[in-house]
Amino acid sequence: MAAGYLDILRARHAARLLTGTLVGRLPNGTGPIAIVLFIRAEGGSYTLAGALAAAYGLATAVGQPLLGRAVDLYGQPRVQLPAAVVSALGMVLLALSGLGSLPLAYLGVIVAGVATPPLEGGLRALWPSVLKSEDRVHRAYALDAVAQEIMFTVGPLLVTLLVSLWSPAAALLVINALGVLGALSVVLSEPSRTWRSAPREAHWLGALRSPGLLALLGSLFFVGLALGSITVAAVAYADDHGRESVYGWLMAALGLGALIGGLAYGARQWAGAPEKRLRVIAGLLALGYLPLTLTPSVPVMTALAALSGVFLAPAIACSFIVVDRHAPRGTVTEAFSWLVTTFGVGAAAGTAVAGPAVELGSTAWSFAVAGAGGAAALVVLLATGRLLAAPVRTAAVVTGSENDRNGAVEPGFSSGHKA
């Protein structure tokens with residue numbers, strides 16, 4: 001297992017791109033918790049903190065596909081770095097204004113969210129030109145999904161450490177400074193500087209004109225809903241047991257399960273169409289959520305949380321392959337950015353639904369929201385099987401930048417060119 005991942009990381013530029021992207025995404029991965037801690041430290045209510053965090057999340061969801069399309073049109077350096085700087089300045093505005101001016105506070109988080117650079121989509125657009133083979137790119141997608149789980153675990157811990165050492169305002173500023181440095185590392189790399197999107201057909205829908213991509217996004221919305229509901233349900237479960245630390249154990253177990261599942265998924269080669277494989281993984285993911293509704297003792301619940309996470313990273317990694325197969329020519333970064341947006345909106349919806357489920361029913365009901373989300377994701381994939389069976393374009397791996405006419409082409413995989 002380790003040998004395959006080491007092979008990827010030894011590839012020229014691969015480790016730098018992966019690390020730079022993860023560091024560059026720290027502001028986005030830690031934004032909500034950093035905002036909440038800052039507003040609370042300033043004397044603001046949880047309602048205000050939640051509203052500002054929600055405004056940030058919504059702004060990010062709007063900005064990602066727009067900036068992803070800009071990357072496809074103008075290249076990565078012209079978009080990613082300026083966006084990272086503007087996003088950081090938005091958080092600086094929040095840190096300086098505090099609660100002295102709520103309009104400025106909202107302006108700061110909205111600017112920070114809309115300008116969040118689409119580094120995720122950018123990295124996945126670069127993998128084919130860096131790794132040059134189908135198997136290695138697929139493994140990189142799995143490594144990418146695993147790295148996300150690590151970031152969403154380590155990032156909040158870093159924020160709380162900075163808060164304890166300095167202040168919530170300092171945490172905001174440091175995290176966003178690191179984000180700019182991460183984006184800078186990516187855009188100064190040769191693959192990022194030389195990458196160009198394939199020529200695209202002018203269309204106002206962009207990547208969304210692909211029926212297969214729309215079907216996938218519909219399914220991933222419900223995966224996001226399931227994951228978002230678990231975060232609220234885990235808090236309710238911890239409250240039921242009178243220990244806040246239980247929440248940390250459950251979320252850590254979920255991340256550990258995703259880590260194990262993602263590494264195992266990427267360690268082997270998979271035959272057959274990824275669309276069919278995704279349906280199987282989605283079914284297993286839904287089944288993994290259902291036992292959580294039993295809400296047993298803390299040790300058993302922790303084990304069940306780990307089990308529920310096993311198929312999360314494989315589902316995301318397989319989705320990356322399907323996105324690449326169905327994205328219309330010249331829209332690969334935008335397509336991946338839509339995935340980020342859809343998943344984020346789904347998670348927000350899950351958070352919104354799980355709260356009333358706890359209050360009107362019980363903790364078990366909030367975990368049932370996760371199971372229902374997983375089941376709905378599977379239903380969407382099954383109902384749209386015909387759309388997903390017909391990729392927009394024939395697959396091909398390009399060994400140079402996406403529009404390198406001299407790059408050798410290996411049949412059987414997609415990176416933005418028609419074969």
Side-chain angles (χ1 to χ4, degrees), residues 5-31 34 60 63-64 67-68 70-72 74-92 112-132 136-137 139-159 161-162 170-197 320 332-333 336-337 340 400-402 404 415:
Y5 292 112
L6 288 175
D7 174 60
I8 291 174
L9 294 176
R10 290 193 192 105
R12 190 183 178 199
H13 304 297
R16 172 179 177 173
L17 290 172
L18 181 61
T19 303
T21 297
L22 290 176
V23 174
R25 291 178 53 219
L26 270 176
N28 183 241
T30 61
T60 303
Q64 284 293 288
L67 290 174
V71 167
D72 286 327
Y74 306 112
Q76 294 197 3
R78 291 184 179 181
V79 178
Q80 303 278 36
L81 184 58
V85 172
V86 172
S87 180
L89 290 176
M91 284 302 189
V92 169
V114 170
T116 297
L119 292 168
E120 284 186 68
L123 175 64
R124 290 156 202 161
L126 292 177
W127 280 136
S129 63
V130 172
L131 300 176
K132 301 178 175 66
R136 296 174 86 195
V137 171
R139 189 170 291 119
Y141 284 156
L143 184 61
D144 189 352
V146 167
Q148 286 188 65
E149 298 302 322
I150 295 174
M151 186 196 70
F152 282 110
T153 301
V154 174
L157 294 177
L158 178 59
V159 170
L161 176 63
L162 291 171
L172 273 177
L173 298 177
V174 171
I175 289 293
N176 280 272
L178 290 174
V180 172
L181 292 177
L184 181 64
S185 175
V186 170
V187 301
L188 289 180
S189 68
E190 181 183 348
S192 180
R193 288 186 288 107
T194 59
W195 181 87
R196 296 294 182 275
S197 175
F320 293 162
V332 62
T333 310
F336 279 120
S337 298
V340 176
S401 64
E402 196 175 278
D404 182 1
S415 78

Student check: side-chain heavy atoms of Val92 and Asn176 closer than 4.5 Å: no
Kindly say whether Thr116 contributes a backbone atom to a donor-acceptor pair with the side chain of Gln64 at under 3.5 angstrom? yes
State, yes or no, whether a side-chain contact exists between Gln80 and Val186 at a heavy-atom distance under 4.5 Å. no
Apply side chain to side chain contact (heavy atoms under 4.5 Å, CB included) to Ser189 and Leu17, showing your working. CA-CA 8 Å; Ser189 68; Leu17 290 172; 3.3 Å; yes
On a heavy-atom basis, which atom in Gln76 and which in Val187 lie closest, and how many Å separate them? O-CG1, 4.2 Å
Quick one: OG1 on Thr333 to CH2 on Trp195, what's the gap to the nearest 0.5 Å? 3.5 Å
I need the minimum non-hydrogen distance between Pro77 and Pro82, along with the two atoms involved. O-CD, 3.4 Å
Of all heavy-atom pairs linking Ala140 and Ile8, the shortest is N-CD1, 3.4 Å
Val71 versus Pro118, closest heavy-atom pair with distance: CG2-CG, 3.9 Å
Nearest heavy-atom neighbours spanning Val332 and Ala125: CG1-CB, 3.8 Å
Looking at side-chain heavy atoms only, is the closest gap between Val146 and Tyr5 below 4.5 Å? no
Taking side chain as C-beta onward, heavy atoms only, is Thr21 less than 4.5 Å from Met151? no
Greater than 12 external heavy atoms within 6.0 Å of Arg193's CZ: yes
Backbone of Leu26 reached by a side-chain donor or acceptor of Thr30 within 3.5 Å: yes
